Amino acid sequence: MAQAKKYMYEIDEKLAIIKSNFDDKWLSEKQSESSSKRGYMSTHGDSSATRNSSSKEGLPKVNHVETKSELQDLNIHGFINEALFLKNFLLKRKESEEFKTLAIVGKYGVGKTTLCQSVFNDEDVKRAYLPRIWVSMYSKETREDEDSKIAVVKRILRSLGVEDEMFERIKTDAEEEKRGKDEAGEESEETVKEKELSRLLHTLNSILMWKKYLIVLDDVCEDNEWNQRLDGGEVEQEKWHLSCGFPKGFGGRVIVTSRDERLAKKIVGEEENLQRLFPRSDAESVWEIYYDAAKTRVMVNPRYPGRFKQELMDKSCGVPLAARMLAKIDPEKVDA
C-alpha cells in the first residue's frame, strides 16, 4: 500500500512539473506574440496572474477547467476496454428501466473526460438517450455568491431550454414564502436557498419525467457541494435532496467523473458503481497519443523508435495529458 501511494505521488509530481513547463512555454509564446504585435517586448512584466497558484508542496496547483461534450478532433487511444464497459453500462437491456449512476474516478489528466466524451457522442448512445446533457461542474458563468448546487441545477435546466426568467421567479417565490412565514411568526424548516433548490429540483424532475435521459457531471469536486447519493440514498423525504431532481424508473443514467474517489462513492453509493481509470500501461498507446498531438506542429520521426517510446512512457508516467503536453512543449527534443 505504501509503495502504491509513493508511485501515485510520483505521478502527481511529474505531471505537475510537466504542466509547469507547458504553462511557462505557453505563456512565453503568448507574451512574445502579444509583444510583437505591439512592437516592443516587456522584460519586467508580472505574469503571476496567468500562472497557476502553488500548492503546499511547492508544485503547481491543478486548476479545474470548463469542458464541453464535443471531442476536440482527438483520436482515442488505449481505452478500448474502458469504453466497452461504459457502453455496456448505458446500453445493456437488462434492468434498462432502472435509474443507475456510475462514477469514473482517476487522477488529473488520466482521460476521464475524453473517455466520457467518446461514449457520450457514440451513435448507439445517441439513439438510446434523449435528452443527453453534458454538465461541466466548473463554469466561468457561476457567480461567487451563488450556491454551488443551485448553479449546477440551473445549468442542467438551461440545457433543457429553461430561461433565466423562470429562475428569477422561483427565487422570488422562495423569498416571499420565507418572508410570509417570518411575518406570521411561523418557524420555517427550510432556508431560502433550500426552498429555491427544492423548486429547481422539482422543475428538473418534471421536465425529465417519462424520458430516458443521460446526464454527465464532469469533474465533480468538494467545492461543488454535490455530495449526496443520487439514487435516493437515505433521505428521500428531504425536498432539497439532489436525488429529487432525477426521476426513477424510466431508464435514466447519470455519470459522474471525479478525481476524488471518496466523494464519488458518496454520490453513486455502491462499489460496483465505480470505475477506476488508471494511467496507460502500454508504451504504444502513449506514443499514439503523443504523435497525434505533435504531428500538427512537427513531423515526429524518432531515430530509435523503441527507445523513444520507452523514454516517453517514463516521462509521462502513462498519463495521456502529460504525453500531449510533452508533444506541445518541444517534440523534437524529447528524443535527445
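Keep in mind the model is a prediction, meaning the values are calculated, not measured. Numbering of residues begins at 1 and proceeds along the displayed sequence.
Ser148 places a side-chain N or O within 3.5 Å of a backbone atom of Asp223 that can act as its donor or acceptor partner. Between the side chain of Asn121 and the backbone N or O of Gln117 there is at least one donor-acceptor pair closer than 3.5 Å. Remark: the backbone N or O of Ser243 is paired with a side-chain donor or acceptor of Lys248 at under 3.5 angstrom. Using a distance-only test at 3.5 Å, with no hydrogens or angles considered, no donor-acceptor pair links the side chain of Arg158 to the main chain of Asp164.
Atom NZ of residue Lys266 and atom CD of residue Glu261 lie 13.5 Å apart, to the nearest 0.5 angstrom. Atom-to-atom distance recorded for Leu197:CG and Asp147:CG is 6.5 Å, nearest 0.5 angstrom.
Taking the ring axis of Phe250 as reference, the NZ or CZ atom of Lys212 does not stay both within 45° of it and closer than 6.0 Å to the ring centre. Cation-pi contact between Arg324 and Tyr290: absent, since separation from the ring centre below 6.0 Å together with deviation from the ring axis within 45° is not met. Note that Arg253 lies outside the cation-pi zone of Tyr129, set by a 6.0 Å cut-off to the ring centre and a 45° limit from the axis.
Remark: the Asp218 side chain and the Thr67 side chain contain an N/O donor-acceptor pair separated by less than 3.5 Å. Defined by atom type and a distance below 3.5 Å, a donor-acceptor pair is missing between the side-chain atoms of Ser159 and Trp134.
Applying the side-chain hydrogen bond (donor to acceptor under 3.5 Å, both in side chains) criterion to Gln310, with sequence neighbours excluded, gives Asp314.
The number of heavy atoms from other shown groups lying within 6.0 Å of NZ (Lys171) does not exceed 12.
Across Val319 and Tyr108, no two heavy atoms sit closer than the pair CG1-O, 4.0 Å.
Placement of Val162 and Phe246 within a single hydrophobic cluster is found when ILVMFWY residues are connected by side-chain heavy-atom separations under 4.5 Å, directly or transitively.
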